[in-house]
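Numbering of residues begins at 1 and proceeds along the displayed sequence.
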Amino acid sequence: MAGAIIENMSSRKLCIVGGILLVFQVIAFLVGGLIAPSPTTAVPYMSVKCIDVRKNHHKSKWMLPWGSNHCDKLKDLDEAVSRQIEANDIVFAVHVPLPSKEMSPWFQFMLFIMQLDIAFKMDNDLKENAEITLDVSLAYRDDLFDDWKEIAHAIEIRKLKCTFGSPKTLESEGRHYDCDFLPFMEIGSVAHKYYLINIRLPVNERKGINVGIGEIKDIRLVGIHQNGGFTKVWFAMKTFLTPSILIIMVWYWRRITLMTRAPVLLEKVIFALGISMTFINIPVEWFSIGFDWTWMLLFGDIRQGIFYAMLLSFWIIFCGEHMMDQNERNRLSGYWKQVGPIAVGSFCLFIFDMCERGVQLKNPFYSIWTTEVGTELAMAFIIVAGICLCLYFLFLCFMVFQVFRNISGKQSSLPAMSKARRLHYEGLIFRFKFLMLITLACAAMTVIFFIVSQVTEGHWKWGDITIQANSAFFTGIYGMWNLYVFALMFLYAPSHKNYGEDHSNGDLGVNSGEELQLTTTITHVDRPMEVYKLARKEAQ
């Protein structure tokens, strides 16, 4: 009778906790959908063609497209031909942002892609596998009357991938090629108000530089940055969730340290998962508002990688600790086959990120995909990581299958137990299946919302209400995994309640007066997990 009462209390507690977490999950989606604007904004820029004939005697090496000190402009390249201006004396200038606007640290990052307008000419055709050489410079200033200060200068090579939909005849001259966008620049902070980009296309026929690239009419850039309103909502969520996870972590570890035994592996892994979630949550981004921290994008990637590696490791160990077989699995070395692919895949992705965003800390124009060697290296890292991920999911699916098969086998022995113990273990099995269902639901929601955010226009309009789908995806999924970790530590913290003796425990071979708690790893104050006791009894 006591066991049934305890199980009913536990079930009610589980329902209450589940309802509260569901409410917070809905709030997380609504915050992004109704309060936050779209996560990013794309701004098109058309470069202005400036003349820099006397480069060596020019007062300033920076060409401004507009303003009081704007450059000597060209309407088009035909004017340059009529004025006998060489290609080496033309500078394509872009001012960021557009006139009468300012950039803000709340924008967090800037990503630029380039599109070239290339016209077909019979005597200047675009060669196959042509490469364009860019002499690019980036500068900033915080006042309209300040001098420009250089941030970076580089000579970059980009491969042109263009198609021409018409026959290459005289009648088709002047028509434009259809060219793919080219990666141009990425900066991990927006610490200044104004930015200036100067692009030169140096021509050297003897060295074959910028020869056979067609007739370039214009250079267009598309700048993408994070919306300031979304940044504020994102920072607010991080600031709220950080103490929430910290408090439950302290409470969870205190409950474990009060036990006279050492923590078991599953408890350690759950605590490590909480640490990795806290590592993501800590809102160090607040400092990026006042400091020019260009490494924040790389730091964010590392934090996410650590969390996902811990999450994948937890799923493996969670299944292994509930295998209910004769193997003692309460040690990390017993999972090297399953955790190994996670470590290798994470290391490959870390190296790839360091080769891309790590180099961009010094050269924001760099892209690993612009060279043959870089592309092959990047693809190698991604393929190895993909293989490791496939191996991991094969291991995980196999272990989940084994756990459910073993649970089904053990359920046949439940009728021989006392009523209290039978109800108790039925509750344990139910809670294991419940967590597996929640895990699958979280993973499915992540995939579904990601797909929806990619295929929709970014927002849904219901009458007068506009829901930002992309913002809801970011805040909702971020809140969901925080709630997942919170629920793990709450539901799997050891209990210290003692409900008295159960004199019917002889069929299990366990001592009386043991704990009953809302966890699959029922733990006595000085004994291993009760799941192992049940497994050994059945094995005997």
Residue pair F486, I245: steps toward the side chain to side chain contact (heavy atoms under 4.5 Å, CB included) verdict: CA-CA 6 Å; F486 184 96; I245 298 298; 4.2 Å; yes
Step-by-step disulfide (SG to SG under 2.5 Å) determination, C71 to C50: CA-CA 6 Å; C71 64; C50 297; 1.9 Å; yes
Working for side chain to side chain contact (heavy atoms under 4.5 Å, CB included), residues L298 and D353: CA-CA 7 Å; L298 178 62; D353 214 29; 3.6 Å; yes
Pair L134-I157, side chain to side chain contact (heavy atoms under 4.5 Å, CB included): steps then yes or no: CA-CA 6 Å; L134 306 171; I157 298 176; over 6 Å; no
Y140/W148 under ring pair (Phe, Tyr, Trp, His ring centres under 6.0 Å): CA gap, chis, key distance, verdict: CA-CA 5 Å; Y140 77 91; W148 291 99; 8.2 Å; no
Residue pair D143, K193: steps toward the salt bridge (Lys or Arg N to Asp or Glu O under 4.0 Å) verdict: CA-CA 8 Å; D143 189 272; K193 294 181 180 180; over 6 Å; no
Stepwise side chain to side chain contact (heavy atoms under 4.5 Å, CB included) check, D135 with L201: CA-CA 6 Å; D135 184 347; L201 304 179; over 6 Å; no
Derivation of the ring pair (Phe, Tyr, Trp, His ring centres under 6.0 Å) call for F398 and F393: CA-CA 8 Å; F398 178 69; F393 276 107; over 10 Å; no
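No close placement of the F381 and F347 rings is indicated, their centers lying 6.0 Å or farther apart. The aromatic ring centres of W481 and Y484 sit less than 6.0 Å apart. Between F279 and F307, the distance from one ring center to the other does not fall under 6.0 angstrom.
Put simply, the side chain of E131 does not reach to within 4.5 Å of the side chain of L160, judged on heavy atoms. Put simply, the side chain of I383 reaches to within 4.5 Å of the side chain of I387, judged on heavy atoms. Looking only at side-chain heavy atoms (C-beta outward), I219 and I199 come within less than 4.5 Å of each other. Side-chain contact check for D301 versus L349: every heavy-atom pair is 4.5 Å or farther apart. You'll find the side chain of M249 reaches within 4.5 Å of the side chain of I275, heavy atoms only. Residues D125 and F120 meet the side-chain proximity criterion, which asks for heavy atoms closer than 4.5 Å. The side-chain heavy atoms of N210 and N204, taken from C-beta on, include no pair separated by under 4.5 Å. Looking at heavy atoms from C-beta onward, L74 lies in side-chain contact with I85 at the 4.5 angstrom threshold.
When D89, D72, D76 are each tested for a salt bridge (charged side-chain N to carboxylate O under 4.0 Å, His left out) with R83, only one passes: D72. Among the candidates T370, T133, T371, L116, the single residue satisfying the side chain to side chain contact (heavy atoms under 4.5 Å, CB included) test with R158 is T370.
I213 CD1 to L126 CG: the interatomic distance, rounded to the nearest 0.5 Å, is 8.5 Å. The structure places CD1 of I280 at 11.5 Å from CE of M310, a figure rounded to the nearest 0.5 Å. From I351, atom CD1 reaches atom OG of S346 across 11.5 Å, with rounding to the nearest 0.5 Å. Atoms CD1 and OH, from I342 and Y335 in turn, are 12.0 Å apart once rounded to the nearest 0.5 Å. Between the SG atom in C319 and the CG atom in L396 there is a gap of 5.5 Å [rounded to 0.5 Å]. Put simply, CG on N470 and OG on S38 are 5.5 Å apart, with the number rounded to the nearest 0.5 Å.
A 6.0 Å sphere centred on NZ of K161 holds no more than 12 heavy atoms belonging to other residues, nucleotides or ligands. A 6.0 Å sphere centred on CZ of F350 holds no more than 12 heavy atoms belonging to other residues, nucleotides or ligands. No more than 12 heavy atoms of other residues, nucleotides or ligands sit less than 6.0 Å from atom NZ of K127. The 12-atom threshold is exceeded at CG of D146, counting heavy atoms of other residues, nucleotides or ligands nearer than 6.0 Å.
No hydrogens or angles considered: a donor-acceptor pair under 3.5 Å links the side chains of Y478 and N281. For the residue pair S276 and Y308, no side-chain donor N or O sits within less than 3.5 Å of a side-chain acceptor on the partner. E156 and N363 share a donor-acceptor pair across their side chains, judged by distance under 3.5 Å alone. A donor-acceptor pair shorter than 3.5 Å cannot be found between the side chains of T40 and Q226.
Between the side chain of T475 and the backbone N or O of G32, at least one donor-acceptor pair lies under 3.5 Å. Formation of a donor-acceptor pair under 3.5 Å by the E356 side chain with backbone atoms of F352 is not found in this model. Using a distance-only test at 3.5 Å, with no hydrogens or angles considered, no donor-acceptor pair links the side chain of S137 to the main chain of N198. In this structure, the side chain of D52 does not engage the main chain of V91 through any donor-acceptor pair within 3.5 Å. Remark: side-chain polar atoms of Y392 are not paired, donor with acceptor, to backbone N or O of Q338 under 3.5 angstrom. In this structure, R303 contributes its side chain and I306 its backbone to no donor-acceptor pair below 3.5 Å. At least one donor-acceptor pair closer than 3.5 Å links the side chain of T239 to the backbone N or O of F235. At least one donor-acceptor pair closer than 3.5 Å links the side chain of E173 to the backbone N or O of M122. Between the N227 side chain and the F230 main chain, no donor and acceptor come within less than 3.5 Å of each other.
Listed here is the closest heavy atom pair of G274 and V485: CA-CG1, 3.8 Å.
D117 pairs by the salt bridge (charged side-chain N to carboxylate O under 4.0 Å, His left out) definition with R220, not counting sequence neighbours.
Taking the charged nitrogens against the carboxylate oxygens, K61 and E150 do have a contact shorter than 4.0 Å, which makes a salt bridge. Ion pairing between a basic and an acidic side chain is recognised when a charged N comes within 4.0 Å of a carboxylate O; R175 and E215 show no such pairing. In summary, D147 and R141 do not engage in a salt bridge, as defined by a charged side-chain N under 4.0 Å from a carboxylate O. A salt bridge links K159 to E372: one of the charged nitrogens lies within less than 4.0 Å of a carboxylate oxygen.
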Sequence neighbours left out, cut at 3.5 Å: what donor-acceptor pairs do the side chains of residues 179-190 make with other protein atoms?
unit_1	atom_1	unit_2	atom_2	d
E186	OE2	R357	NH2	3.1
S189	OG	D292	OD1	2.4

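Ring-plane geometry between Y195 and H192 is classed as perpendicular, the angle between the planes exceeding 60 degrees on a 0 to 90 degree scale with a lower cut at 30. Between F474 and W234, the two ring planes are perpendicular [angle over 60°; tilted spans 30° to 60°].
Screening residues 100-116 for side-chain hydrogen bond (donor to acceptor under 3.5 Å, both in side chains) gives E102-Y194, Q108-S288 as the qualifying pairs, with residues at least two apart or on separate chains.
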